Amino acid sequence: MPIQVYSSKERKKVPFVPLEEGKVRMYVCGITAYDRCHIGHARSAVVFDAIYRYLRKRGFDVLFVRNFTDIDDKIINRAREEGISTQELAQREIDNFYKDMDALGVLRATYEPRATEHIGEIIELIETLIEKGHAYESGGDVYFRVRSFPKYGELSHRNIDELRAGARIEVGEKKEDPLDFALWKASKPGEPKWPSPWGEGRPGWHIECSAMSMKYLGKTLDIHGGGLDLIFPHHENEKAQSEAATGKTFVRYWLHNGFVTISGEKMSKSLGNFITIEAILGEFHPEALRLFLLSKHYRSPLDYSPEALKETETALWRGYRALYETQEILSSPVKKRRPLTGVAEEALERLGELEDEFFQAMDDDFNTARATGLLFEGIRLLNTVIEEFKKRPSLLYKEGLKGVLEGFSTISDVLGVLLKDPAAFIEEKKEMHLRSMGITRDFVDSAIEERDAARKAKEWEKADGIRAMLREKGIILMDTPQGTKWEVEIA
RNA sequence: GGCGGCGUAGCCAAGUGGCUAAGGCGACGGUCUGCAAAACCGUUAUUCCCCGGUUCGAAUCCGGGCGCCGCCUCCA
């Protein structure tokens, strides 16, 4: 069974068969580098990162391109406001992008091209379009002649006549038709500019993606992705100009992720209600954000709230705790080969089935929501096995767990969560907490010692008092057969 | 006006013709514990917005209704 993907152009799930067997050419629209990334950018990046990871896990050789738009109106305006150059601004925001993406575990693409580094390719493409009659120069600008491309509207399912009726006609219009869009813009005084056959200017927004995707991936891509809002006009225009230039299908599968809403309202830069990745990471673990973004199907809207993210973080913790205990069992010195309990045997068997089901889930239009369900079913089963081991330790548990852990790690690899060393993850959280509370490890340790003494003397009131005191500082004690351990309260 | 999506437990969320309607968070009961915490076990949707229809059989398909949302403009 091949992978099924929902393609926006067909508006249904279709079998995914790449152009060249075993190879996937994938392009995802990156950011316009003029401001910090918000949670919507995070969703797009994380979703396509999971898709990228999955395709690789599935054995494809994936060529993945994610671009940076480093020249456009918004960048020019913002740079002017800040009194810096557009290059400085773009570079700063690209650095910020990497900071956010690294925290979220988003892998680097094979190529990460920038528009300003491909002016030559852009000009060449525009020249081709002019030669073929699909574009025209007008007062230093170059426009794409939309009506020269009959299939225009095919992707976004828009009727060209209705679009024309609704388009506003600007005064002093240089276009032949209001629907035509700019491929090249003549530069105004003081703006960044590049020489071209039509005078000094800069590329329009849509043309860079066509030029760069075709440079690195060829005339036909397998997957082109981005947020739902890019379908029109951005992707429609990309498709039109690319196909007009090459006469070939530009993209075989168009994938679009749904929006992030905040309290049910659409979030966007223009509405000003956006929340940055940086702000969220000040409060929550980046992995919790990543898991949250993957916990719903990528095409559905996803509503953000701090409460929802806290729930996800709680669940993530449960996962790391289970992994930590699993690790302890694997390194424990048991030698006896006592038989597994029936409960443990069943749990291990079910655990062994999870990987196959995970592939089924991801094959079905990258259903990461179902995949996260399987991940947590796995966590519960792992804990079940751990409980049974504690009752009657046996070497057989170690062997059983080792065998099952590989399949489990396939899931966490692709989702990009639960990958850290559990002990280190827990320690990291403790360090952060101690620092923010302004207390030292010694303080906690000596309080625990004092409490242990009280417990030995059966001075329960005193012992409970110490526990309550630590609890107020967000530290939770756990009395185990191996002594008292402590953990940090979540969020 | 045109196009599209959604409505599943207290909340979030999979499932789109037939296995016990995944999973998470929360709540309650139990095991463990001096008491807790963590973890596990059990309970928490006889039913999937409402009304009709198709079918041996529907949360899933069709028709109608109600409610919510998105796109059609720069935007992940």
Side-chain angles (χ1 to χ4, degrees), chain A residues 8 11 28-32 35 37-48 72-74 153 156-159 161-163 165-168 205 225-234 256-261 264-271 274 291-292 295-297 299-303 305 307-319 321-322 324-325 343 347 357 361 364 367-388 390-391 455 458-461 463-464 467-468 471 475-481 484-487 489:
Chain A
S8 302
R11 284 187 168 167
V28 174
C29 285
I31 58 158
T32 297
D35 203 351
C37 290
H38 56 62
I39 185 173
H41 297 112
R43 185 178 195 192
S44 182
V46 166
V47 158
F48 285 103
D72 97 318
D73 290 343
K74 291 190 291 284
S156 56
H157 301 275
R158 280 175 169 79
N159 181 297
D161 296 319
E162 281 167 15
L163 279 172
R168 62 206 144 97
W205 175 36
L228 203 59
D229 47 351
L230 296 181
I231 292 183
F232 188 86
H234 184 53
H256 293 97
N257 65 274
F259 288 119
V260 176
T261 58
E265 240 191 40
K266 188 199 161 183
M267 175 194 63
S268 74
K269 291 204 173 180
S270 51
L271 288 176
F274 63 91
L291 183 60
F292 175 71
S295 66
K296 199 170 173 186
H297 187 90
R299 281 189 283 114
S300 306
L302 173 65
D303 195 49
S305 70
E307 293 75 23
L309 204 48
K310 188 184 169 180
E311 281 178 14
T312 308
E313 191 161 282
T314 302
L316 186 69
W317 266 90
R318 192 168 134 253
R321 252 188 240 114
Y324 177 73
E325 296 214 45
V343 172
E357 278 184 38
D364 183 13
N367 193 337
T368 56
R370 208 173 123 206
T372 56
L374 292 168
L375 187 76
F376 281 96
E377 188 185 345
I379 292 297
R380 198 196 70 237
L381 292 164
L382 225 41
N383 276 324
T384 301
V385 177
I386 291 166
E387 287 298 306
E388 295 299 301
K390 284 180 181 166
K391 285 185 210 158
R455 289 180 70 216
K458 296 202 190 303
E459 293 170 27
W460 304 125
E461 236 170 79
D464 291 350
R467 185 168 63 196
R471 169 116 219 181
I475 287 165
I476 295 168
L477 298 187
M478 297 176 295
D479 298 324
T480 77
T484 300
K485 295 180 179 176
W486 62 276
E487 234 178 49
E489 194 177 20

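All chains are named by letter (A, B, ...) in the order of the sequence lines, taking the proteins before the strands, and each is independently numbered beginning at 1. A quick note: this is a predicted structure, and the numbers were derived from the prediction, not measured.
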For [N], give the paired nucleotide (Watson-Crick: N1-N3 plus N6-O4 or O6-N4; G-U: N1-O2 and O6-N3; both under 3.5 Å), or none.
N: B:A39; result: B:U31
N: B:C61; result: B:G53
N: B:G67; result: B:C6
N: B:G17; result: none
N: B:U46; result: none
N: B:G1; result: B:C72

What are the two closest heavy atoms between [X] and [Y], and how far apart are they?
X: A:Cys29; Y: A:His234; answer: SG-NE2, 3.6 Å
X: A:Ile379; Y: A:Gly319; answer: CD1-CA, 3.6 Å
X: A:Met478; Y: A:Trp486; answer: CE-C, 4.5 Å

Without decimals, in angstroms, what is the distance between [X] [atom1] and [N] [atom2]?
X: A:Leu228; N: B:G70; atom1: CG; atom2: P; value: 12 Å
X: A:Asp229; N: B:C74; atom1: CG; atom2: C1'; value: 10 Å
X: A:Ile379; N: B:C41; atom1: CD1; atom2: P; value: 13 Å
X: A:Phe259; N: B:A76; atom1: CZ; atom2: P; value: 10 Å
X: A:His256; N: B:C72; atom1: NE2; atom2: P; value: 13 Å
X: A:Asn159; N: B:G4; atom1: CG; atom2: C1'; value: 16 Å
X: A:Leu477; N: B:A39; atom1: CG; atom2: P; value: 16 Å
X: A:Met267; N: B:C71; atom1: CE; atom2: P; value: 12 Å

N/O-N/O pairs, protein side and nucleotides 33-35 of chain B side, under 3.5 Å:
from  : atom 1 : to       : atom 2 : distance (Å)
B:G34 : O6     : A:Arg451 : NH2    : 3.4
B:G34 : O6     : A:Arg455 : NE     : 3.2
B:G34 : N1     : A:Asp464 : OD1    : 3.0
B:G34 : N2     : A:Asp464 : OD1    : 3.4
B:G34 : N2     : A:Asp464 : OD2    : 2.7
B:C35 : O2     : A:Arg467 : NH1    : 3.4
B:C35 : O2     : A:Arg467 : NH2    : 2.3
B:C35 : N3     : A:Arg467 : NH1    : 2.7
B:C35 : N3     : A:Arg467 : NH2    : 3.3
B:C35 : N4     : A:Asp479 : OD2    : 2.9

Sub-3.5 Å pairs of nitrogen or oxygen atoms, protein against nucleotides 59-61 of chain B:
none

Protein-to-nucleotide contact annotation, 5' to 3' order, nucleotides 13-25 of chain B [B base; S sugar-phosphate only; - none; under 4.0 Å, heavy atom]: SSS------BSBS
Set of side-chain hydrogen bond (donor to acceptor under 3.5 Å, both in side chains) partners for A:Thr480, sequence neighbours left out: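 side-chain hydrogen bond (donor to acceptor under 3.5 Å, both in side chains) check on A:Thr480 returns nothing, list empty.
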Let me know, please, whether A:Pro233 or A:Gly264 comes out on the 5' side of the other along RNA chain B by nearest nucleotide.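 Final value for this comparison: A:Gly264.
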Which sits closer to the 5' end of RNA chain B, A:Phe292 or A:His157, going by the nucleotide each is nearest to?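 Checking each residue's closest nucleotide, the 5'-ward one belongs to A:His157.
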According to salt bridge (Lys or Arg N to Asp or Glu O under 4.0 Å), who are the partners of A:Lys391, at least two apart in sequence or on a separate chain?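 Expected list: A:Glu388.
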Say you draw a straight line from CZ of A:Phe274 to CD1 of A:Ile39; how long is it, rounded to the nearest 0.5 Å?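 So the gap between those two atoms works out to 13.0 Å.
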On a whole-Å scale, what distance lies between the [atom1] atoms belonging to [N] and [M]?
N: B:G24; M: B:A13; atom1: P; value: 16 Å
N: B:C71; M: B:U46; atom1: C1'; value: 40 Å
N: B:C49; M: B:C6; atom1: C1'; value: 11 Å
N: B:C25; M: B:C35; atom1: P; value: 26 Å
N: B:C48; M: B:A39; atom1: C1'; value: 32 Å
N: B:A27; M: B:C69; atom1: P; value: 31 Å

Decide, yes or no, whether a salt bridge links A:Asp479 with A:Lys485 under the criterion of side-chain N to carboxylate O below 4.0 Å.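 Salt bridge between A:Asp479 and A:Lys485, a charged N being under 4.0 Å from a carboxylate O: no.
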Is a salt bridge present between A:Glu487 and A:Arg321, judged by a nitrogen-to-oxygen distance below 4.0 Å?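 Yes, A:Glu487 and A:Arg321 are salt-bridged.
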Looking across every strand, which nucleic acid part, if any, lies under 4.0 Å from [X] by heavy atom: base, sugar-phosphate, or nothing?
X: A:Gly227; value: sugar-phosphate
X: A:Lys485; value: nothing
X: A:Val260; value: base
X: A:Phe274; value: nothing
X: A:Ile476; value: sugar-phosphate

Would a distance-only check, ignoring hydrogens and angles, find a side-chain to backbone donor-acceptor pair under 3.5 Å from [X] to [Y]?
X: A:Arg158; Y: A:Ser156; result: yes
X: A:Ser300; Y: A:Lys296; result: no
X: A:Ser44; Y: A:His41; result: no

Between B:C72, B:A39, B:C74, which one does the side chain of A:Glu387 approach most closely?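 That would be B:A39.
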Pair listing, side chain to side chain donor-acceptor pair (under 3.5 Å) test, anchored in residues 378-387 of chain A, at least two apart: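 The answer is none; no pair qualifies.
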Please determine if a side-chain N or O atom of A:Lys266 lies less than 4.0 Å away from the OP1 or OP2 oxygen of B:C71.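 Yes.
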Might you work through the salt bridge (charged side-chain N to carboxylate O under 4.0 Å, His left out) test for A:Glu325 and A:Lys390, ending with a clear yes or no? CA-CA 10 Å; A:Glu325 296 214 45; A:Lys390 284 180 181 166; 3.0 Å; yes
Is there a side-chain contact between A:Arg43 and A:Asn257, using heavy atoms and a 4.5 Å cut-off?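 Yes - at least one pair of side-chain heavy atoms lies under 4.5 Å apart.
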